[in-house]
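The structure appears below as structure tokens.
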Amino acid sequence: MSDNRPLGIFDSGLGGLTVVNAIKQKIPNEHIVYVGDTARVPYGNKSVQLIVKFSSQITQFLLEKDAKLIVVACNTASALALPTLQNEFNIPIIGVITPGANSAAELTKNNKVGVIGTIATINSKVYQKELFKINPLINTISQACPLFVPLVEEGLLEGPIVSAIIAHYIKNLDLSRIDTLILGCTHYPLLKPAIKKYINNLMLIDSADSIAKEAYLILKNNHIINDNTKQGQQDFYVTDSPSNFANIARRFLGYPIQNVKTAPIS
Ligand code: DGL
């Protein structure tokens, strides 16, 4: 039986749209309700307690929208809040860390992986632990890049300021030691063209494609796929004024998003 309830996807802001894009490619007929917590972005320099509280409130909101699966499209929330959400709510909830770590472990040839992410994600050492679990021979080096998220939220994706900030962080990573770099924040794929100029021919991992595959498998295994062949509907919510979000989201998604609403979450 077809299940036309939506997938609930959330991030602190625009970054999770990289996951929306991948999910739309993989399972185009699924409806999506997206929440960007624009009033409280960035999450990456907040405490664990706050990140758990925000993630829990948004999950509750998405359940009220009848979500059948929650996709935490935020590395920071996945790193710090996912186990709590999975305990607290009786619905499948998946995060971006494991899919990203799996892809990196599959791709690295020299077992040396770099990770860039928010301060909270990097301090949690979540990728290091996950990669070690998959393959204890993998060495991980990491670097927090706290200014990347505000750049993306401002729609500043290239140019001299962006280049200077990327160079500032990348110089702290010994790129000669690694062959694979995980973009450990869902905002960072938006900076991919700019980042690529600094990393020679390293393999770049963003977890969007891998989490889309995982979402599909969960729907299939739980028999909650939407069999309707029509294109799924997308509803976007933010927690602050919708206008800026719609403008930047259109640039990124390549199509206008209508009717961005404000979610009453605080
Ligand atoms: N896109 C997020 C992540 O993947 C959130 C970043 C932030 O809000 O600091 O970590």
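Indexing begins at 1, ligand by ligand and atom by atom, following the structure's order.
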*Heavy atom under 4.0 Å from ligand 1: found in Cys74's side chain, backbone, both, or neither?*
both
*Decide, yes or no, whether a salt bridge links Asp179 with Lys112 under the criterion of side-chain N to carboxylate O below 4.0 Å.*
no
*asked:* Does the plane of the ring in Phe61 sit parallel, tilted or perpendicular to the ring in Tyr237? Use 30° and 60° as the thresholds.
replied: perpendicular
*Under 4.0 Å from ligand 1, counting heavy atoms only, is it the side chain of Thr186, its backbone, both or neither?*
both
*asked:* Is there a polar contact, in the sense of an N or O pair closer than 3.5 Å, between Thr118 and ligand 1?
replied: no
*asked:* Between Glu30 and Arg5, does any side-chain N to carboxylate O distance fall below 4.0 Å?
replied: no
*Considering only non-hydrogen protein atoms, determine which one is nearest to atom 9 (O) of ligand 1 and report residue, atom name and distance to 0.1 Å.*
Gly44 N, 2.8 Å
*Where on Val41 is there a heavy atom closer than 4.0 Å to ligand 1, on the side chain, on the backbone, on both, or on neither?*
side chain
*asked:* Pairs of nitrogen or oxygen atoms closer than 3.5 Å, one from Thr121 and one from ligand 1: do any exist?
replied: no
*Interfacing atoms of ligand 1 (cut-off 4.0 Å, heavy-atom, Ser12)*: 5 (C), 6 (C), 7 (C), 8 (O)
*What's the shortest distance from atom 7 (C) of ligand 1 to any protein heavy atom, and which residue and atom give it?*
Tyr43 N, 3.3 Å
*asked:* To check your reading of the model: name the closest protein heavy atom to atom 10 (O) of ligand 1, its residue, and the distance in Å.
replied: Thr76 OG1, 2.6 Å
*Distance filter under 4.0 Å to Asp11 heavy atoms, resulting ligand 1 atoms*: 1 (N), 2 (C), 5 (C)
_Ignoring hydrogens and geometry beyond distance, is a side-chain donor-acceptor pair present between Ser210 and Ser103 at under 3.5 Å?_
yes
_Joint cluster assignment, Leu7 & Leu17, ILVMFWY side-chain distance < 4.5 Å_ = yes
_Ion pair check, Lys192 and Asp206, cut-off under 4.0 Å_ = yes
*Determine the interplanar angle of the Phe148 and Tyr188 rings, folded into 0 to 90°, and report it as parallel if under 30°, tilted if 30 to 60°, perpendicular if over 60°.*
perpendicular
